[in-house]
Structure formats: C-alpha cells, structure tokens
Number of protein chains: 4
Amino acid sequence: MSGSKDGKHQKILEAAIDVISEKGLDNTSISDIVKKAGVAQGTFYLYFSSKKALIPAIAENLLGITLERIKEKTQTKEKLWDVLEVVIDETFHITKTYKDVIVFCYSGLAIEHSMEKWEAIYQPYYEWLEELLEQAKRNNEIAADIHVKWTARIIINMVENASERFYIGMEQDDTLDGFKKEIFSFLKRALLKP
Amino acid sequence: MSGSKDGKHQKILEAAIDVISEKGLDNTSISDIVKKAGVAQGTFYLYFSSKKALIPAIAENLLGITLERIKEKTQTKEKLWDVLEVVIDETFHITKTYKDVIVFCYSGLAIEHSMEKWEAIYQPYYEWLEELLEQAKRNNEIAADIHVKWTARIIINMVENASERFYIGMEQDDTLDGFKKEIFSFLKRALLKP
Amino acid sequence: MSGSKDGKHQKILEAAIDVISEKGLDNTSISDIVKKAGVAQGTFYLYFSSKKALIPAIAENLLGITLERIKEKTQTKEKLWDVLEVVIDETFHITKTYKDVIVFCYSGLAIEHSMEKWEAIYQPYYEWLEELLEQAKRNNEIAADIHVKWTARIIINMVENASERFYIGMEQDDTLDGFKKEIFSFLKRALLKP
Amino acid sequence: MSGSKDGKHQKILEAAIDVISEKGLDNTSISDIVKKAGVAQGTFYLYFSSKKALIPAIAENLLGITLERIKEKTQTKEKLWDVLEVVIDETFHITKTYKDVIVFCYSGLAIEHSMEKWEAIYQPYYEWLEELLEQAKRNNEIAADIHVKWTARIIINMVENASERFYIGMEQDDTLDGFKKEIFSFLKRALLKP
DNA sequence: AATGAATGAGCTTTCATTCAT
DNA sequence: AATGAATGAAAGCTCATTCAT
C-alpha cells in the first residue's frame, strides 16, 4: 500500500516493540526480535545500524501514532478544555499499552545523550499544542501571561509523566478516572483566565 | 548517625554514582565501580546482592539528599509558595548535578518492574508535601477541592520531569530562570484558591 | 590482447587490489570490493568462486606486471649486472606501490596451503632468471659452480624480501639508495667469478 | 620452575601456536585456543588484550627460542662461516617445525602495520649478527666495504625467507642439504674478502 | 549475465558472578 | 571481611555466499 513503510523494516519495528514490551530492553536480544519478526539475524542490520538505533525509531513510531490519534479525535473539538481531555485520555491509553517501551525510549534516548533526537521527535507534538494555546489565548480562554512554548512542554510532559507513574507504579485501576480528573482540574486551574 | 553507613558500602555507592554519571549504566561495569571505589571485585557482592540492587540504593541515596536539603531550606518558610520555590530550585539543582544517574534510576527501576520500590522511596517525599498541602488547605491558601494525595504526586513528578527535560534536552542555561518562574506560576495558578 | 580480460573481471581485480592495499585483507569485505568496482554483490561470484580465489589471481596479476616491466627494461641490457640492477629497482618499485597486497598475497597463499600455486605463478620469473644465469655462466661472468635453479630462487626471493622489509619496516626513504646498492654489491660478490 | 612464565599465559601461548600451526590463523578461533589450553574463554582476555595481541607475543616467543638455540650452538665457534652454518641449520629447523606460525606472524605483523614491533623483536638477533660481522671484519675474514647493519639484516632475512619458501613450497626433502649448501656458498661468496 | 536483498553460521568480546585463599 | 583470578554464558555484529528476479 501507499503509506505502508517497507515491509521488513516495519515488521522488525513492530516485533521489537512487542518483545521489548514483554521483556524490557536489556533482556531483549536482537535474536529475540528477529525471531519474532520472522527474518534472519543479518536482516536486522540491513534496516537498523545497531541495537541502539531502534530506540529513536520506536519512539518516533509511538509518538506518531499517539499524535495521529489525538489529532483525529480533536478535529471536532472547539474548546481547549475538550482537547486537553482527549490528550489526557489518549496519553493514558497509549501509556497503558506501551508502558515499558515508553520508559525505555525515554531513558534510552536520555542515556545515549541523543536527547536532541527526542526533542526533534516531539517537535510536531509541541508545535501542535503551542498553536492551540495561542488560539486559546486569543479567545481569552486562558491567561494572557502564559508563556506558550514552555507551557506546551510542561503540559505534555506532565501528562505523560503522570500516566507513566500511574501505570508503572501499578496504581489500582479503579482510581484511574479520579486521577485523570484531578490532572484535568489541575491543568484547567493552571491555565484558566482567573 | 551522620557518617554511619559502613565505609565500604558508602564508598561503593558513591563510586557507582560517579561512574554511572560519566558513562551511563550500560557502559558501566562492576569492574569500573570497584576500581573507582578502591575495593576488590568480590567485595561488591558483600554489600550488594547484584548489579541491579544498586539502582534502588542509588535512588534512595539521591532522593534522601534532596529531601534533606529541601527540608532544611524550608524550615523557616511559612507560605506554601515559598516552599514550592525551594522545591523547584532544589530539584533543578540536584537534577543538574546528577542528571544521568536520575534518568537511569528512573528507567532502571521502571524497567526492572520494581516500581513498588520507587514508590516506597518517594513515600517520605510525598508525605511531606501532602502534609504541607493539607496545612495550606486548612489555611485557605489553596483551593478546597484539591485532592491532596494525587496533587502531591503530580507536583513532585512534574517539577522533577520538567527539570530533567530541561537539562537533558540541553536547553540554553540562560532560559533557566524564566523556565523555573513559568513552572512556579503554573503551579501557583493550579493550586491557588480562585 | 592488451586489455583483453573481460571488463568486469578486471574491474573487480583492480578494485580488490586497491581496497586491500588500503585496508588489509581481513578488513576488506566482498562488499567493499564490489562497491569500489561498481558491480553488484552477486557479480563477484560470477568471476571468482570465492574470496580466497582472489589471492592467486591478484598475485599473478602483480607478478605479471612486474615481470613485464623488468623484461621490457632489460631488453637492451647485455650484462647480468645491469639486469640485476633493474630487477632490484623494479622490485623495490612494485613493492613500494603494493606493499600491503604483496604481503597479504604471500601470506594468503602460504596460509591457505596453496603454495603450489605460488610456485606456479613464480615459474616464469624463475625461468627467465635461470636462463640469464646460464648465459652468464657460459660467458664466464659468474662462477661456474653456481647451482642455477636454486640461485635464481635465492636471488629473486632475497630481493623481494629485502624490499618488503624495507618498506614495511618504514625505513627512512633517504637510505633507499644505499640499501639498494648494498644489495647489489652483495649479489654481485655472491655471483662473481672470483 | 624459576624462569617459567606465568602458567596460564604460557599455556595459552603454546596452545595458540599449536592450533594455529594446524589450522591457520583465520580458521583458529579463540574458542579453539582456550579449549586446547584448558582455560575458560574469558581467561584468554586476562592475558591478551585481543586476538591480534597474540601475534607479536608468538613471534617474540619463537624468535627467542631460535636465537637462544643459535647462541648456544655457536658459543664454541670461532669462524664466521661456522656460525653461518649454524644459523642456516637452525633457521631451517625452526621453520620446518613452525612454518605456518612463522608465516602468519610475519604477515600478521605486516598487515597490522605494527612492523615496528617486528623490528623490535628482531633487534637482538640483528645486533648479535652485527657484532659478529664487525669481528669478522676486524679479523679480515670478510670484505672491508661491507655495510654491517644492512648486511646483517640481508643475511638473516634471506636465510629465513629461503627456508620458508623451501618448506612452504613443499620442496622435496632430499634436496634440503643441497639447498642449504647452496645458500651457504652464496653467502660465503657474498661476504668473503676477495 | 547481472542484480542485491536476504541469509545465518560463527566470530570476538564482555562482564556479572563465584570461590579458594 | 576481603580479595581478585577465573569463569562461561550470552550478546552484538559481520560477511561470504545464495538465489529469485
């Protein structure tokens, strides 16, 4: 198909996400990945220069999915608050599904000092939210003295981090809705024009 | 007591922090650590059951230092806002100093599915802030409908996460004060009784 | 004919010599060679049955060039001593240009226990010198008790080996002439009718 | 015993020489060597930093043995010619025993561009022969215009090279004495005061 | 004849851990 | 308690070779 990335590349990527989700990065060998992907050991290196090269590829893939979903679900939303609710929902959803991979991506990128890549990957996400905040500012939805660039980052990171802590910290699932609501209120108060 | 902990235990811990700060966890071998600590290879295993056992020990150590410093500097502070400023300052400070170790602790704990330990380690920090929030609530400093337990976690994690992103993302150092102020304003608005 | 050999065959051979000169045999992959030669991976195997099959081919090629040049330059020489000077000059010249390849050919052939090939390759060179020595004997230029077959080999190998050591051992280039002269004198004394 | 090198180091070295003699360097894995030596895989790396580090160690070992034997057998010899006969005999002997290892050492060192090491290893051998040639010069045994330093190298290399070619080229063994005699005559004529 | 993606065996090397001293 | 030589499993990666196109 048109949009579909090269078959083997995508297969390996997905296998990697799967296996790492299960076993963690350190316990995942290339051998595990290729076995799952159904390709030969050497084939991995035709598509990724090394094991480390997986990390940004996975991160990009996951964030791409997330952002796509968020954009799709917010197309009809007019109010910033509705958008934020979607952001929270989707972030929690993707975090639940891929919690291990997300943590390993974050730490993997951080550890390898390739944080610029991380920033580059998040750029479109940040920009999308910055744009929304600008709009909300113009509409007098949010306080005028908010620094849009920083606030966009604060919000995105905060929601992401909170969801990671929630799922990775094995919080009881029945507290989920309360927690999400609290985050929403927190954000709303933090942004709202007094 | 102050210098209480057994000399070798502490030596190894500090050496580990040092070496991991420099080289990252994956590139740090027990051999590196013991060399730096000036003890024999086998000695490591007299104090830590395995390499993985280092991670919570280091995390506890670092958070202990942070919390101690924060408590010390906030003893005289009466207003929640002053306390929060100290929290932000100290978090950024400790993150700057130990950024690599912090990331690796976080991911290390997460990856090994030993997140309960993480929660246990943070417990005193959370409790301390919960207590402060309760007080502030009673004093009508902050909104009455705030869920203290969750909010404590949200704040601590948010500040920590923001500082990590700041330093690891290699943001220009001259934006530091602006960024910290923005975080403070963000938090203040989020908590303030409207 | 001159450029006779099939284009691709020759291209691969030359690429191989080039790359191996630069990187050494062990660090040279078929992939490197075909890239340099501008042909596909599989094409290599249309012309050479294996990587090892390169070695005698390269050796033959190089010795062929050397011998051709020597014969050309000695056509007009009548005295054995003049011929020997050319042999020394040309051997040093070719060794300088292809030192790494020469060593690897020698060792490569030796290691693979295909030394018969080596002998076969050198056969024309040996025979050519044997013939000259016979002549010189008949002309009373050299001692009568010299064993022509062995001496031919001794001379050729000695000059070759000396030049290898010279260039590979990174001797100062300004000692070159002195060294060549010493070899010449050595040989002359060794052969000269007393 | 006293002079005996550290047990494991020597064991590994000897095993390496053995296995490489049989299979050649490229076909010899560390695994083969340690199996033969009766030590663990990792133990190899306690004594040699890498596979390549074996080469100079082996070369030194072999040349050490050779030189020791030559010195021993020439203690009572007064005439240079007698010494040269021993040199020829011993060189052929050691070459016969270790032909494959010798070739791989030579090429290995050459290939790795560590020819300085080669020179360093040969230094004592060269010096020993230089001294003898000086003496012979003073005694009017050999021509006065001989350049001692170069000639020592020419002789040693020539004899070595000839013996390699002889054994590696699988010459008939019954020609051995004739060939050695021819080398001796060749050398004698090359050196003798006319 | 020519291609080059795919293969997978096999290598070197690392390093957490053990244990005799 | 302390040592550090020895272990050996396990991993990442390479690359000669094949084969469907």
Side-chain angles (χ1 to χ4, degrees), chain A residues 6-9 11-12 25-35 37-54, chain B residues 6-9 11-12 25-35 37-54, chain C residues 6-9 11-12 25-35 37-54, chain D residues 6-9 11-12 25-35 37-54:
Chain A
D6 174 68
K8 296 252 158 99
H9 179 101
K11 248 190 209 166
I12 293 170
L25 180 63
D26 277 358
N27 304 317
T28 298
S29 63
I30 302 291
S31 164
D32 292 329
I33 294 170
V34 296
K35 227 170 277 167
V39 300
Q41 189 87 357
T43 305
F44 178 89
Y45 292 90
L46 290 178
Y47 295 95
F48 298 91
S49 60
S50 74
K51 195 185 182 182
K52 283 172 191 165
L54 268 177
Chain B
D6 177 74
K8 297 243 160 118
H9 179 100
K11 249 192 209 162
I12 292 170
L25 178 63
D26 277 358
N27 303 319
T28 298
S29 62
I30 301 291
S31 163
D32 292 329
I33 294 170
V34 295
K35 229 170 276 168
V39 300
Q41 192 85 355
T43 305
F44 179 90
Y45 290 89
L46 295 175
Y47 295 94
F48 298 91
S49 61
S50 75
K51 194 185 183 182
K52 282 172 190 167
L54 264 179
Chain C
D6 176 72
K8 297 244 160 116
H9 179 101
K11 250 191 208 161
I12 292 170
L25 179 63
D26 277 359
N27 303 318
T28 298
S29 62
I30 302 291
S31 164
D32 292 329
I33 294 170
V34 295
K35 228 170 276 166
V39 300
Q41 192 86 356
T43 306
F44 179 89
Y45 290 89
L46 295 175
Y47 295 94
F48 297 91
S49 60
S50 75
K51 194 185 183 182
K52 283 172 190 167
L54 266 178
Chain D
D6 174 67
K8 296 254 159 98
H9 179 99
K11 250 192 207 164
I12 292 170
L25 178 63
D26 278 357
N27 303 317
T28 298
S29 62
I30 302 292
S31 164
D32 292 329
I33 294 170
V34 295
K35 225 170 280 167
V39 300
Q41 191 85 358
T43 305
F44 178 89
Y45 291 91
L46 291 179
Y47 296 94
F48 299 91
S49 60
S50 75
K51 196 186 181 182
K52 283 173 191 166
L54 266 178

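- Each of B:Gly38 and D:Gln41 was assigned the nucleotide of DNA chain F with the nearest heavy atom; the assignment lying further toward the 5' end belongs to B:Gly38.
- The phosphate of F:dA2 (OP1 or OP2) has no side-chain N or O of B:Tyr45 nearer than 4.0 angstrom.
- Between A:Leu46 and A:Val39 there is no side-chain heavy-atom pair separated by less than 4.5 Å.
- Look at CG on A:Leu25: it is 13 Å from C1' on F:dA11, rounded to the nearest Å.
- Using a 4.0 Å heavy-atom criterion, one finds that D:Thr28 contacts the sugar-phosphate atoms exclusively.
- Which of E:dT3, E:dT17, F:dA6 sits closest to the side chain of D:Lys8 comes down to F:dA6.
- With F:dT3, E:dT18, E:dA6 as the candidates, the nucleotide lying closest to the side chain of B:Val39 is F:dT3.
- Residues B:Ala40 and D:Gly42 each lie close to DNA chain F; by heavy-atom proximity, the contact nearer the 5' end of the strand is made by B:Ala40.
- Checking the phosphate oxygens (OP1, OP2) of E:dT7, a side-chain nitrogen or oxygen of A:Thr43 falls inside 4.0 Å.
- Comparing B:Ser50 and D:Ser29 by the nucleotide of DNA chain E that holds the closest heavy atom to each, the one mapping nearer the 5' end is D:Ser29.
- Between C:Tyr45 and C:Ile30, the closest side-chain pair of non-hydrogen atoms falls below 4.5 Å.
- Using Watson-Crick or G-U wobble geometry with both donor-acceptor distances under 3.5 Å, E:dG8 finds its partner in F:dC15.
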Subject >> Check against side-chain contact (heavy atoms from CB on, under 4.5 Å), D:Ile33 and D:Leu54 >> reply: CA-CA 11 Å; D:Ile33 294 170; D:Leu54 266 178; 3.7 Å; yes

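- Pair assignment for F:dA20 gives E:dT3, based on Watson-Crick or G-U wobble hydrogen-bonding distances that are each under 3.5 Å.
- Side-chain proximity of D:Tyr47 to E:dA2, F:dA5, F:dA16: nearest is F:dA5.
- Rounded to an integer number of Å, the gap from CG of B:Leu46 to P of E:dA16 is 16 Å.
- Atoms CG (D:Asp26) and P (F:dA16) sit 11 Å apart, rounded to a whole Å.
- If you take CD1 of D:Ile30 and C1' of E:dT12, they are 7 Å apart, rounded to a whole angstrom.
- With rounding to whole Å, C:Lys35 atom NZ is found 15 Å from E:dT3 atom P.
- Separating the NZ atom of B:Lys51 from the P atom of E:dT18 is a distance of 15 Å, rounded to the nearest angstrom.
- In this structure, the CD1 atom of A:Ile12 is 14 Å from the C1' atom of F:dC13, given to the nearest Å.
- The side-chain heavy atoms of C:Ile12 and C:Phe48, taken from C-beta on, include a pair separated by under 4.5 Å.
- Rounded to a whole Å, the CD1 atom of A:Ile33 is 12 Å from the P atom of F:dA11.
- Looking at heavy atoms from C-beta onward, A:Leu25 lies in side-chain contact with A:Lys51 at the 4.5 angstrom threshold.
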